[in-house]
Every structure is written in C-alpha cells, then in structure tokens.
Amino acid sequence: EYRYSIRADPGATDARERLAQLFMAEGELVLAYETILVDASNNPLPPDGIALAAELSARLGKARNVAGQIALLRDQPGRRAIAVAAAARGIAAGAGPANGARFIEEAKLDLSDPRESEALRTVVTFHAQAGNTDRARELVQTALTSSPRVPTFHEIQGLLLERYGASDDVALKAYERALSLNPSLPRALAGKARIQFKSGDLEEARALFAQAYEADPSDHGIARAYAASLARLERKSEAQSILETVLDEDPVDGLAALSLGRLISGESAESDQVLALAERASRFESGKATYDF
C-alpha cells in the first residue's frame with residue numbers, strides 16, 4: 001500500500017518515510033535509502049525525512065549525499081542539528097561512537113545554542129561511549145557556561161552523570177536543576193524517574209514517568225519506561241494500554257512488541273497474540289533476549 005501511494009504521488013503523504021523506516025527496521029538499508037529518495041528532487045522531503053535520508057546515507061557510506069542532505073537545512077539550525085545527529089548515528093552504527101562524535105564536532109554547529117541541543121546530546125553520548133568522558137564533560141560545561149538557564153543543558157549533564165560514572169545523587173541534582181527551570185521537561189522528568197526507580201521508590205518513579213509521558217507522548221523510550229514502572233506495580237492493564245498505543249504509532253518498535261508480549265504472556269502464553277508479538281519483536285529487534293522469548 002505504501003508503494004502504491006508513492007507511485008501515485010511521492011509527495012502527497014509520508015509513505016516514503018514510513019516505508020523507509022520499515023525497511024531500515026528490517027535491516028534492508030539499500031531499499032530504505034532508495035525509498036526515501038524517490039523523486040526527492042521534484043517532491044522535497046520534510047525535515048524529518050531529510051534527517052532519515054542523512055542517517056541512511058551515512059550508514060551506507062555515502063558521505064557526499066550526507067553533506068548535501070544536511071545542507072538543505074542550513075537555514076533551520078534546530079532541524080539541521082537533528083539531521084547532523086541522525087547522520088552521526090548512522091556513522092556510529094558502522095564505524096563506532098568515536099567516529100560519530102567526530103562527525104558532529106566537524107559539522108561546525110554551535111553546541112552552545114539551545115536549538116542545537118539534540119546534536120549536543122548525541123555527541124556527549126558518543127564521546128562517553130567511546131571512553132572520552134573528559135571531552136563529553138567539557139562540551140556540556142561549555143554549553144552551561146554560555147547558557148546556564150537552559151534546562152535542556154542541565155538535563156544532558158544529568159544524563160552524562162547518570163550513565164557514565166557519577167553517583168545517582170549527583171545526577172539527580174542536575175535533573176532537578178533542569179526541572180527548576182522547566183518543571184515539565186520530559187527527559188528530565190524521565191531521568192529523575194529512572195533514578196527513583198533504581199532506588200526502589202516505584203510509586204514516585206511511576207508518577208514522574210506519568211508526567212514525562214503526558215508532556216511528550218511521542219517519546220517512545222519514555223512510554224516504554226512508564227509501562228515498565230506500571231507493570232512493576234501490578235498495574236498491567238494500564239501498562240498494556242500504553243504499549244499498545246506505542247505500537248499503533250510505531251509498528252516497527254520491536255522493544256515495545258517484546259515488552260507487550262512478555263506482559264501478556266503470563267496469562268495467555270499460548271495465544272496467537274503473544275506469538276504475533278514475539279514474531280514482530282524478532283523481526284525488528286534482533287537479539288538473544290528477543291529470540292529466546
């Protein structure tokens with residue numbers, strides 16, 4: 001059906017993006033790349049489609065195409081930063097996080113500009129994954145020195161502290177600084193919730209995840225974490241509803257399919273629905289845990 005839509009009019013719907021995402025989730029990168037660029041010269045892609053094209057080009061080693069796609073967003077700093085981050089993810093997938101971080105640093109972004117925060121988050125994560133935490137800290141500190149009242153920068157600092165070496169108490173303070181500036185910042189709420197969840201304060205974590213989910217239902221990482229907190233509190237029907245919503249919006253979310261399958265398998269392990277979820281999970285989220293399930 002997506003192919004029919006594209007043949008009829010490539011720019012009329014988001015079928016190119018949806019079909020490309022489907023192919024990418026299956027590991028069919030060439031098909032995804034060819035799909036996203038169908039008639040792009042006559043029917044330009046929206047910014048999200050350009051970011052997806054940049055990521056696919058990077059994963060396939062098409063450096064010239066990456067540069068051209070990012071250049072299309074030269075007058076949209078926030079959108080350009082998202083495309084640069086997407087391309088960096090594509091590079092990191094094949095060449096490792098250090099090369100993904102190098103790509104962002106060479107892209108000549110202003111990482112102290114709040115509009116570029118998605119690129120800052122990505123480069124900090126890649127530097128930390130590559131073992132270069134000093135550079136990650138330096139980039140975050142530079143951004144905070146330049147703009148100390150930007151809540152997203154404090155949230156990124158919290159993420160770095162939470163994941164790479166600091167105590168949870170130190171990371172929690174960074175998230176709380178972000179929330180003092182913006183009480184409904186979704187990722188800061190989710191970061192604080194994760195720390196509370198680890199500490200065993202499940203009800204407080206659930207409440208924070210609920211706030212984060214309400215603030216940004218489109219962030220499926222937050223949605224899955226919220227569902228997990230509900231499941232731990234034996235509120236399975238609510239968790240199931242959230243995971244079903246995620247899969248309605250993003251049918252190739254293999255992690256959501258795995259979580260939902262596990263959630264309902266305790267009551268109906270032999271059901272066709274559980275088998276369908278297991279098959280969907282293994283189609284889009286390869287890994288031992290998925291295949292074991």
For the CZ atom on R18, are there more than 12 heavy atoms of other groups (residues, nucleotides or ligands in this structure) within a distance under 6.0 Å? no

Under 3.5 Å donor-acceptor, D219 side chain and I222 backbone: yes

May I ask whether I50 and V38 are part of the same hydrophobic cluster, defined by side-chain heavy atoms of I, L, V, M, F, W, Y residues being less than 4.5 angstrom apart, directly or through others? no

Correct closest heavy-atom pair for I242 and A223 would be CG2-O, 3.6 Å

Quick check: do R115 and Q76 have side-chain heavy atoms less than 4.5 Å from each other? no

Within the structure provided, determine whether L111 and T142 are in side-chain contact (heavy-atom separation under 4.5 Å). no

Between the CG atom in L247 and the CZ atom in R280, the distance rounded to the nearest 0.5 Å is 5.0 Å

Apply side chain to side chain contact (heavy atoms under 4.5 Å, CB included) to the pair L52 and M24, showing each step before the final yes or no. CA-CA 10 Å; L52 180 57; M24 186 165 72; 3.5 Å; yes

Tell me whether S241 contacts the main-chain N or O of S237 through its side chain, where contact means a donor paired with an acceptor under 3.5 Å. no

Determine whether S41 and D39 satisfy the following criterion, side chain to side chain donor-acceptor pair (under 3.5 Å), listing intermediate values before the conclusion. CA-CA 5 Å; S41 57; D39 203 34; 4.6 Å; no

Does any N or O in the side chain of S265 come within less than 3.5 Å of the main-chain N or O of R262, such that one atom is a donor and the other an acceptor? yes

With a 4.5 Å cut-off on side-chain heavy atoms, are F209 and R194 touching? yes

I need the minimum non-hydrogen distance between V140 and F153, along with the two atoms involved. CG1-O, 4.2 Å

Keeping H154 on the side-chain end and P148 on the backbone end, is there a donor-acceptor pair under 3.5 Å? yes

OH-CD1 distance between Y175 and I156, expressed to the nearest 0.5 angstrom: 10.5 Å

Within one Ile-Leu-Val-Met-Phe-Trp-Tyr cluster: V66 and Y33, side-chain cutoff 4.5 Å: no

Using a strict 4.0 Å threshold on nitrogen-to-oxygen distance, state whether R187 and E162 make a salt bridge. no

Heavy-atom count check: over 12 atoms from other residues, nucleotides or ligands less than 6.0 Å from E214 CD? no

Using a 3.5 Å distance criterion without hydrogens, assess whether the side chain of S180 forms a donor-acceptor pair with backbone atoms of R177. yes

Which donor-acceptor pairs under 3.5 Å do side chains of residues 81-94 form with protein atoms, sequence neighbours excluded?
none

Before accepting this row, confirm whether a basic side-chain N of the pair E176/K173 lies closer than 4.0 Å to the acidic partner's carboxylate O. no

Verify the cluster assignment for L120 and L160: are they in a single hydrophobic cluster under the rule of side-chain heavy atoms below 4.5 Å apart? yes

Please check: side-chain N/O of S5 versus main-chain N/O of A15, any donor-acceptor pairing under 3.5 Å? no

Do L185 and E155 come within less than 4.5 Å of each other through their side chains, counting heavy atoms only? yes

Passes side chain to side chain contact (heavy atoms under 4.5 Å, CB included), Q273 versus I264? Steps please. CA-CA 9 Å; Q273 184 185 11; I264 66 177; 3.5 Å; yes

Determine, step by step, whether Q69 and L45 satisfy the side chain to side chain contact (heavy atoms under 4.5 Å, CB included) criterion, reporting the C-alpha distance in whole Å, the side-chain angles of both residues, the deciding distance to 0.1 Å, and the verdict. CA-CA 10 Å; Q69 286 144 4; L45 290 163; over 6 Å; no

Shortest non-hydrogen pair, R79 vs P47, comes out as CD-CB, 3.5 Å

Is the shortest heavy-atom distance from the side chain of D48 to the side chain of E17 under 4.5 Å? no

Distance in Å, T13 OG1 paired with I6 CD1, rounded so as to fall on 0.5 Å steps: 7.0 Å

Please check if any side-chain donor atom of T152 sits under 3.5 Å from a side-chain acceptor atom of S117, or the reverse. no

Distance check, rounded to the nearest 0.5 Å: Y2 atom OH versus T35 atom OG1? 12.0 Å

Return all side-chain donor-acceptor pairs below 3.5 angstrom for residues 123-130, not counting sequence neighbours, or 'none' if the list is empty.
residue: T125; atom: OG1; partner: R121; partner atom: O; Å: 2.8
residue: H127; atom: NE2; partner: E105; partner atom: OE2; Å: 2.7

Does the side chain of L37 reach to within under 4.5 Å of the side chain of L56, using non-hydrogen atoms? no

Which atoms form the tightest heavy-atom contact between A25 and F284, and what is the distance? CB-CD2, 3.5 Å

Nearest 0.5 Å please: distance from the CG atom of D110 over to the OG atom of S146. 7.0 Å

Under the 3.5 angstrom rule, does the side chain of R3 hit a backbone N or O of L19 as a donor-acceptor pair? no

Tell me whether S147 contacts the main-chain N or O of L144 through its side chain, where contact means a donor paired with an acceptor under 3.5 Å. no

Does any donor atom in the side chain of N182 or S184 lie under 3.5 Å from an acceptor atom in the other side chain? yes

Compare all side-chain heavy atoms of R206 with those of L202 and state whether any distance is below 4.5 angstrom. no

Closest non-hydrogen atoms of A193 and A205, given as atom of the first, atom of the second and distance, are O-CB, 3.4 Å

Between P44 and R16, the two heavy atoms sitting closest are O-NH2, 3.9 Å

Is the closest side-chain heavy-atom distance between K236 and L230 below 4.5 Å? no

In terms of hydrophobic clusters joined by side-chain contacts under 4.5 Å, are L181 and L189 together? no

Rounded at 0.5 Å granularity, tell me how far OG in S57 sits from CD1 in I70. 9.0 Å

With a 4.5 Å cut-off on side-chain heavy-atom distances among I, L, V, M, F, W and Y, is there a chain of contacts connecting L255 to L260? no

